[in-house]
Amino acid sequence: MTLILDPDDPAGWREAPPAIDAGTTGSRLTDGLNPEQREAVEYRGPALLIVAGAGSGKTRVLTHRIASLIESREAWPSQILAITFTNKAAAEMRERVQALLGESASGMWISTFHSACVRILRREAESIGLSSTFTIYDSADQRTILKRIIKELDADTMGFTPASAQAKISKLKNELADVETHARNANMNDPQEVMFLEIFRQYTRRLRAASALDFDDLIAETVYLFRAFPKVAALYQRRFRHILVDEYQDTNHAQYSLIHELTRPVPREIVDELDAHGILVRGMTDGSGAIPGASLTVVGDSDQSIYAFRGADIRNISEFERDFPGAKVVLLEQNYRSTQNILSAANAVISNNFDRKEKKLWTADGDGDKIVGYTGYTAHDEAQFIADEIESLHRAGVAYRDIAVFYRTNAQTRALEEIFVRSALPYRVVGGTKFYERAEIKDAMAYLIAVANPVDELALRRILNTPKRGIGPATETALASFAEQNELSFRQAMRAADGLGLGPKVTGAISALANVLDEAAAMLVPSAEGLEAGTNAGAAKVSDVLVFLVERSGLLDALRNSRDPQDETRAENVEELVAQTRDFDRENPGATLVDFLTQVSLVAAADELDDASGTVSLMTLHTAKGLEYHAVFLTGIEEGLLPHQMSASEPGGPAEERRLFYVGITRARKRLYLSLAMSRAQFGEVAVAMPSRYLQEIPEGLIDWRQSPGMATSRGGTQPRALNARRGEPGGAWGTRDRDLERFSVTRSDKPKTEWANRVTGTVRDNGDLTLAPGDRIRHTDFGEGKVTQVTGEGTKRIAHVSFDTAGQKKLLIKIAPIEKL
DNA sequence: GGGTGCGGTGTTTTT
DNA sequence: CACCGCACCC
């Protein structure tokens, strides 16, 4: 029988730990595991490193390990802290543990690094002089602030850009270097460094003044908190007896330090103090009166380390045994996900990275199908191949949700989306241009932030003249300097607008806005009973506050009454945001506005994935980490894209790009497609693309080239040859056989060269109310003539299923397809 | 104070 | 190509 503790129940912190009753770990939790997995579940000791190759069942091992700790009564749920890479992974892990235990195990902290830190920081905010309603600034917010600072300091003349300053500040924070630490190491004779220091100092000051933290601060400030307040740290060190970290290869120095602080023993003096404060420590101390450090389990695979650009340090995992002497290491190599052909390709590619521990994935499930390769002339050609192939997989019974398309850069979605829309292929772009990044949504969110955190000047300045109320830059500056001179916040200056001697119209507008914000703030105060009980009872719901704000501020009306046709969509987006807050209120009863803002700030791209959706998923290779699909399309496998141009100059760049390719390959269960284009439009210009060097690292026999780079380059003879296809050796590495050439020349028919370049980007058609019925014959500009076999869908989404005479079966969106009825 | 249009510029991956 | 900043005009 396991006692479940409520995480928010203060008693949970005082509850006696369960008696250790080793040996009761039910075999149920290790049944069906291989010997290595079993060992990873059952090992007990201070430190455990699970080196888990792709698809080796590490999530299974982690969930079973947690369940076994709880079931054997070695730990309460509240003593578990598990760190995952996305919120979605956290939710899944929680569900799986609960399913294993057969009861709710609330009280466990299963979350991302960032979520866990926000939770700690909001709770302990006052220790470090921060408001518990602090705002979390995203990259765009950082950029805005840095832009202002650089402009004020004229730092652009020294070559500083918001992006460069942002990167440098982020890098320092990930190394736990704050302004003063950095100042000590800086070379004050270098004017550039002096200037950077000033930018960094101002940036830090402004975030402080706004009671705001950026993403990197969330981790770094938690570490500073623990280091500066050992008694605060002790609360968490005492509580979390078992810490588990997933994707450990992608932790940066700050995250590593956080884990280090959390696993420290609590010294005897502090234990005594905790005891004096009524916090239960009996039974937790060792012979010396100290509480020993928590046990640490990390899971990772250095071959999948792909976040060096945000400070991930591969040494955290490769030197784990040195950092934690006596650590146990368990190696999981058996793969339960992919076919041997896919694994062989992955093994071959990754073996080209030197300086790695030899590890070979294997499966007992057989070779499976060959990997399919395709080289298009353009990105659209490549996309068309993918769309056709997806349709044929779908006809063969593969659900759309089991198919994913990966790419290196977000810009690559363009061509894919164009073709997918035309092919009436249901798809969803995961990540990319996010809903919350739209200007109107950021505006509405800024209203909420301004209410939740009144000292947030960035949010206030954003909404000051949105919608237009005649408050221009001059008035804004007047308010800002009035605030500074009188040591007021920007918000207080707004309330005092009457005394500023501004025009009556402007003054009225400022006061009206200040009033709306004050009224909204009043809505959020809990009732007397709520305050008494320390809950949010009686406070207005997030959706009610948002509706009040967007109505009373005039934001929604301004969009609705605008003559800009795009504003109609923007108004709908704001209404969609309202709908989202309603969902939030319903799903999180008792949650506060700050809870909502936090959740929005910390959504990861992969969190948007909806398993129930019947759509193909499109995402970057980075977002794909940790996921798996029946069929995977890796696109744009070209020099310059993978490896990316920008990585060439970075130390370790090409090796990291190879790991990215490796991650992509190992996401596939049964079918893997590798595709590329001969030419790719990069910022307007069409550039010649070469096959990626990584393609040749895959043994030839594993790939079935439907159209190889050799075949494609031979067209017209004017294109450069495939990379590394040796001169004087016909076909080179790509095996350009005559038979293929013949087949190829038939495929491309007699179209002139230029047709390939613009066949899709040309005009966006609108066939209006063209009606088609089964039996009709049509002509398509690319596919030629064909017969309509079926029409599905309604209105603008009507889809014609066409059997083309030479191009085979296709689905077309009638409204925009380049077709005519015959 | 607000709107339009020109020209310059950047250009990876993400919590 | 797309976005942003700036200058110009109302």
Side-chain angles (χ1 to χ4, degrees), chain A residues 83-90 111-118 136-140 142-144 147 150-151 156 161-164 166-167 170 173-174 213-220 247 250-252 254-255 305-312 406-412 414 430-434 436-437 439 464-465 467-476 502-503 505-506 509 563-564 598-607 619-625 636 640-650 653 656-657 659-661 663-664 680-687 761:
Chain A
I83 301 290
T84 57
F85 216 66
T86 64
N87 299 298
K88 187 167 175 275
S111 70
T112 63
F113 269 109
H114 290 87
S115 299
C117 287
V118 170
I136 300 165
Y137 279 177
D138 65 14
S139 320
Q142 285 183 288
R143 233 184 91 88
T144 308
K147 209 187 279 176
I150 288 170
K151 197 170 176 182
D156 52 337
T161 63
S164 69
Q166 194 176 7
S170 177
K173 287 187 177 180
N174 286 331
L213 298 178
D214 64 29
F215 284 128
D216 302 317
D217 285 332
L218 297 178
I219 315 290
E247 306 285 7
D250 282 323
T251 51
N252 60 36
Q255 292 165 331
S305 167
I306 55 174
Y307 280 105
F309 71 91
R310 68 177 198 207
F406 302 154
Y407 37 82
R408 176 67 233 268
T409 68
N410 286 303
Q412 289 168 253
R414 214 157 276 242
V430 182
T433 40
K434 293 185 202 108
Y436 289 99
E437 283 168 12
L464 192 61
N465 198 32
K468 301 265 181 290
R469 3 177 118 83
I471 306 174
T475 311
E476 189 179 325
L502 296 162
K505 214 179 135 207
V506 177
R563 50 184 185 82
D564 181 343
T598 303
Q599 198 197 56
V600 169
S601 299
L602 298 181
V603 282
D607 294 337
M619 68 189 85
T620 65
L621 284 162
H622 284 91
T623 303
K625 193 179 72 162
L641 219 43
L642 191 76
H644 196 276
Q645 206 84 56
M646 295 309 229
S647 71
S649 54
E650 289 162 16
E656 173 143 325
E657 298 283 306
R659 289 194 291 270
L660 204 44
F661 188 41
V663 166
R680 193 166 289 272
Q682 272 184 328
F683 50 114
E685 308 279 274
V686 178
T761 44

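Sequence lines set the chain letters: A, B, ... in the order given, protein chains first and strands last, and positions in each chain run from 1.
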| field | ring centroid sep under 5.5 Å plus plane angle under 30, A/F309 with B/dT13 | value | yes
| field | Presence of A/N410 side-chain N/O under 4.0 Å of B/dT14 phosphate oxygens OP1/OP2 | value | yes
| request: Take the protein atom NE2 of A/H644 and the nucleotide atom P of B/dT14, then report the distance between them rounded to whole Å. | output: 12 Å
| task | When you get a sec, tell me which of B/dT14, B/dT12, B/dT15 is the closest nucleotide to the side chain of A/Y307? | result | B/dT14
| request: Figure out the NZ/C1' separation between A/K147 and C/dC6, and round it to whole Å. | output: 13 Å
| query | In whole angstrom, what separates A/L218's CG from B/dT14's P? | reply | 18 Å
| field | Nearest heavy atoms of A/F406 and A/L621, plus distance in Å | value | CB-CD2, 3.8 Å
| message | Nearest whole Å is fine: how far is B/dT14 P from A/D214 CG? | response | 18 Å
| request: For B/dT14, take OP1 and OP2 only and decide whether either is under 4.0 Å from a side-chain N or O of A/T620. | output: yes
| message | Under 4.0 Å from OP1 or OP2 of C/dA2: is there any side-chain N or O of A/R414 that close? | response | yes
| query | Does the side chain of A/I136 come within less than 4.5 Å of A/F215's, by heavy atoms? | reply | yes
| request: Please report the C-alpha distance between A/S601 and A/T598 in whole Å, then the side-chain angles of each, then the deciding distance to 0.1 Å, and finally whether the side chain to side chain donor-acceptor pair (under 3.5 Å) criterion is met. | output: CA-CA 5 Å; A/S601 299; A/T598 303; over 6 Å; no
| request: Give the rounded distance in Å between these two atoms: CD1 of A/I306 and P of B/dT14. | output: 9 Å
| said: Output the rounded distance in Å from CG (A/D156) to P (C/dG5). | reply: 12 Å
| said: At under 4.0 Å between heavy atoms, how does the protein contact nucleotides 1-6 of chain B? Give one character per nucleotide, 5' to 3', with B, S or -. | reply: SSS---
| field | Side-chain-base donor-acceptor pair under 3.5 Å for A/R310 and B/dT15 | value | no
| task | List in chain and number order the residues that pass side-chain contact (heavy atoms from CB on, under 4.5 Å) with A/A90, two or more places apart in sequence or in another chain; answer none if no residue qualifies. | result | A/T84, A/I110
| query | How many angstroms lie between CZ in A/R408 and OG in A/S647, if you round to the nearest 0.5 Å? | reply | 7.0 Å
| message | Do the side chains of A/D217 and A/K173 get close enough for a salt bridge, i.e. N-O under 4.0 angstrom? | response | yes
| Looking at A/T623, does any N or O in its side chain come under 4.0 Å of the phosphate oxygens OP1/OP2 on B/dT14? | yes
| message | For C/dG5 and A/K151 - does any side-chain N or O of the residue sit under 4.0 Å from the phosphate oxygens OP1/OP2? | response | no
| task | Between B/dT14, B/dT13, B/dT11, spot the one nearest the side chain of A/T409, thanks. | result | B/dT13
| d(CD, A/Q645; C1', B/dG10) in whole Å | 14 Å
| field | Between B/dT15 (C1') and A/Q166 (CD): distance, integer Å | value | 13 Å
| For atom P, what is the distance between B/dT13 and C/dC4, given to the nearest Å? | 16 Å
| Does the pair A/R310/A/D216 count as a salt bridge with the N-to-O cut at 4.0 Å? | no
| field | Between A/H622 and A/F309, ring centroids under 6.0 Å | value | yes
